[in-house]
Amino acid sequence: MGASQKDFENAMNQVKLLKEDPGNDAKLKLYALYKQATEGPCNVPEPGVLNSISKAKWDAWNALGSLPKEAARQDYVEFVSSLSPSPKSCSLEGPGANRSLPESEDIVVTTEENITTIMFNRPTKKNALTNEMYQDIMLAMKAASKDNSTITVFTGSGDYYSSGNDLTNFMKISGDLKQVAKESSITLRKFVDSFIDFPKPLVAVVNGPAMGIAATVLGLFDAVYASNRATFHTPFSGLGLTPEGCSSYTFPKIMGRAKATEMLIFGKKITATEACAQGLVTEVFPDDSFQKEVWARLKAYAKNPPNAMRIGKQLIRSTEKENLHAVNAEECRVLQERWVSEECMNGIQNFLSRKAKL
Ligand SMILES: CCCCC/C=C/CC(=O)SCCNC(=O)CCNC(=O)[C@H](O)C(C)(C)COP(=O)(O)OP(=O)(O)OC[C@H]1O[C@@H](n2cnc3c(N)ncnc32)[C@H](O)[C@@H]1OP(=O)(O)O
C-alpha cells in the first residue's frame, strides 16, 4: 500500500527536525519529490542558467518526468525515513514542541503554550525571504489569526533574524521585468497588509541581525524583543530602493524624522541598544540568556485572557489602520517603479558580483 497523506505530512515534519543538514543532493531530491507529490510533473518554465539554484531545483523536479503523485509521495516518505531512521528522537527543544504542518521548507510554524511561532528557517542564506516564503508567511499568519493561540511570534533560526528580501528573487520569476515588478508589488502589498491587519498581539523575537523588509515591518509589531547581537539595517538607497513595510510612516513616528532618515535613506545600521533607545525595540537581552528570558516572559503573557488581548490590540491599531493601508499602497506603487530602474538593477548586480568574488 502507498504512503497516506498523513504519512507524507509526518515525513515533512521529520524533515524540519533533522539534526544534521542532509546535504544539497538530498535537499534537491526532497524538493523534487515534494513538488511532484503535491503539484505533479514539472509545469514551470526552465530558469536561466544564471539562476543556478533555481535551475538545479528545476532540473531535479523535471527529471522525475511523469512519475505519478502517489509514487512521489511514497518515495518522499521512504527517502525521509532513510535520512531520519529514528523519528521518535525527533523532538523540538524549547518553544514549539507541538508542530503544526509546515507551510514550506523555509518557514516553520509551531504552536505551544498558547503561542504560535513562525520561524524563518533558511539559515544558510541568513533567512533571506524567497517568493515562496512570502506566500507561506501569509498563509501561516492567516492560520495563526484563527487558531487557539493568544500571541503570535516571529523569529529566525541560526545567527540571523532575516537579511530581508532575497535579492535573487527577481531572477527566479520568468517573464518581462515590468510584469515581474507589478506582481511583486501586489505580493508585497498583500504581505504587509497581513501585518497591518493581524488581529492578535504580534511579537518579534529578534535573535540576530534584521535587514530590509524584515526590519521595516517590525514597526507594525506590538512588541519587539532583541538579543544584544541583533542589528537593524535598511540599506535601501544603496540598492536603488525606497522604504516599504509602512516604515516611511512608522519609523519617523517611532523614532523621529531625523533618526528615521539616517536608517531609511542613508542606510545607517543601528545596534539593538540604539534601536531600543529609539523605540523600535521594546527591550534588549544579553544573548546568552535571550531565549530563556524572552520565552519565559512570553509564556506568562500568553496566559492572559485571549479576547481581552485581541480587543486591546485592535483598539491600539484601529485609529491607524486606514492610514497604514494607504501608506502601504503608496510604498508599493513607488517600489514597482524602483524595481525596473537602472539604480536598482545596478544595486542588485553589485550584491551578486560581490558574491561572485567570494
Ligand atoms: C515580493 C517582493 C517583496 C520585496 C520587498 C523588498 C524588500 C527590500 C529588502 O528587503 S532589500 C534586502 C536587504 N538585504 C540585503 O541587502 C542583504 C544582502 N546580504 C548581505 O549584505 C550579506 O549577505 C549579509 C550581510 C546578510 C551577510 O553577510 P556574510 O558575509 O555574513 O554572509 P554571506 O554574504 O556569505 O551570506 C551567506 C549566504 O546568504 C546569501 N544571502 C544573504 N542575504 C541574502 C539576501 N538578502 N538575498 C540573497 N542572498 C542572500 C549570500 O548570498 C550567501 O549565499 P552563498 O553562500 O550562496 O554565497
Side-chain angles (χ1 to χ4, degrees), residues 21 24 27 50-57 106-107 120-138 156-173 175 177 179-195 206-220 229-248 251 263-265 267-269 328-329 331-341 343-358:
D21 186 329
N24 285 343
K27 283 195 272 194
L50 282 178
N51 305 336
S52 53
I53 299 169
S54 306
K55 177 79 169 66
K57 288 165 97 177
D106 298 329
I107 296 294
F120 309 125
N121 185 39
R122 207 180 164 224
T124 56
K125 299 287 179 185
K126 310 296 184 191
N127 295 327
L129 301 172
T130 61
N131 295 316
E132 273 183 348
M133 286 165 80
Y134 287 110
Q135 300 296 340
D136 291 336
I137 290 168
M138 286 189 268
S157 70
D159 60 342
Y160 264 62
Y161 177 68
S162 165
S163 63
N165 189 42
D166 187 309
L167 294 173
T168 64
N169 274 349
F170 273 3
M171 292 158 41
K172 291 178 191 154
I173 307 176
L177 186 58
Q179 185 58 27
V180 172
K182 189 173 174 190
E183 281 168 24
S184 300
S185 171
I186 293 169
T187 302
L188 178 61
R189 186 163 167 189
K190 284 196 209 148
F191 180 74
V192 175
D193 277 349
S194 314
F195 288 85
V206 185
N207 53 299
M211 295 183 75
I213 188 154
T216 54
V217 291
L218 293 175
L220 295 169
R229 278 187 56 254
T231 52
F232 300 82
H233 190 194
T234 50
F236 297 136
S237 300
L239 290 164
L241 296 175
T242 45
E244 27 62 357
C246 288
S247 59
S248 63
F251 277 29
M263 276 196 83
L264 295 174
I265 313 296
K268 183 183 179 194
K269 180 175 12 176
N328 184 25
E331 288 178 346
C332 293
R333 188 193 66 74
V334 171
L335 264 179
Q336 185 177 330
E337 289 172 5
R338 295 308 309 162
W339 282 325
V340 295
S341 71
E343 285 184 350
C344 177
M345 284 178 216
N346 289 340
I348 293 180
Q349 199 51 50
N350 285 343
F351 171 70
L352 296 176
S353 53
R354 180 194 76 99
K355 218 169 68 155
K357 279 187 228 128
L358 291 175

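Counting from 1, the numbers follow the sequence of the chain as shown. Both ligands and their constituent atoms are indexed starting at 1 by order of listing.
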For ligand 1, is any non-hydrogen atom under 4.0 Å from [X]'s backbone (N, CA, C, O), its side chain (CB onward), both, or neither?
X	answer
L335	neither
S163	both
R354	side chain
F236	side chain
K125	both

Would you say T124 contacts ligand 1, with heavy atoms under 4.0 Å as the rule?
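It does, in that a heavy atom of T124 comes within the 4.0 Å cut-off of ligand 1.
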Of the non-hydrogen atoms in [X] and [Y], which two are nearest, and what is the gap between them?
X	Y	value
V340	A181	CG1-CB, 3.9 Å
P209	D159	CD-O, 3.4 Å
T216	S247	CG2-OG, 3.4 Å
R338	T242	CG-OG1, 3.6 Å
G212	P235	N-CD, 4.3 Å

Show which atoms of ligand 1 fall inside a sub-4.0 Å distance from at least one heavy-atom site of [X].
X	answer
G164	10 (O)
W339	4 (C)
L239	11 (S), 16 (O)
A128	44 (C), 45 (C), 46 (N), 47 (N)
S184	1 (C)

Should one rank Y134, Y160, F351 by closest heavy-atom distance to atom 50 (C) of ligand 1, which comes out on top?
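Nearest heavy atom to atom 50 (C) of ligand 1 lies in F351.
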Determine, considering heavy atoms only, which of K269, E331, E244, Q135 sits nearest to atom 8 (C) of ligand 1.
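Of the listed residues, E244 has the closest heavy atom.
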Any nitrogen or oxygen of L167, main chain or side chain, under 3.5 Å from a nitrogen or oxygen of ligand 1?
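N/O-N/O distance below 3.5 Å exists for this pair.
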Under 3.5 Å: N/O of G212 near N/O of ligand 1
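No; the residue has no nitrogen or oxygen that sits under 3.5 Å from a nitrogen or oxygen of the ligand.
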Residues L264, F236; criterion side-chain contact (heavy atoms from CB on, under 4.5 Å); working and verdict:
CA-CA 7 Å; L264 295 174; F236 297 136; 4.0 Å; yes
Would you check if there is a donor-acceptor pair between the side chains of D166 and T130 at a distance under 3.5 Å?
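No - no donor-acceptor pair under 3.5 Å links their side chains.
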Here's a test for you: under ring pair (Phe, Tyr, Trp, His ring centres under 6.0 Å), which of Y161, Y160, Y134 qualifies with F120?
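Per the ring pair (Phe, Tyr, Trp, His ring centres under 6.0 Å) rule, the option paired with F120 is Y161, out of Y161, Y160, Y134.
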Give me the one residue out of E244, R189, K190 that meets side-chain contact (heavy atoms from CB on, under 4.5 Å) with C332.
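Checked E244, R189, K190 against C332; only one passes side-chain contact (heavy atoms from CB on, under 4.5 Å): R189.
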Return the CG to CD1 distance between L241 and I348, rounded to the nearest 0.5 Å.
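With rounding to 0.5 Å, CG (L241) is 6.5 Å from CD1 (I348).
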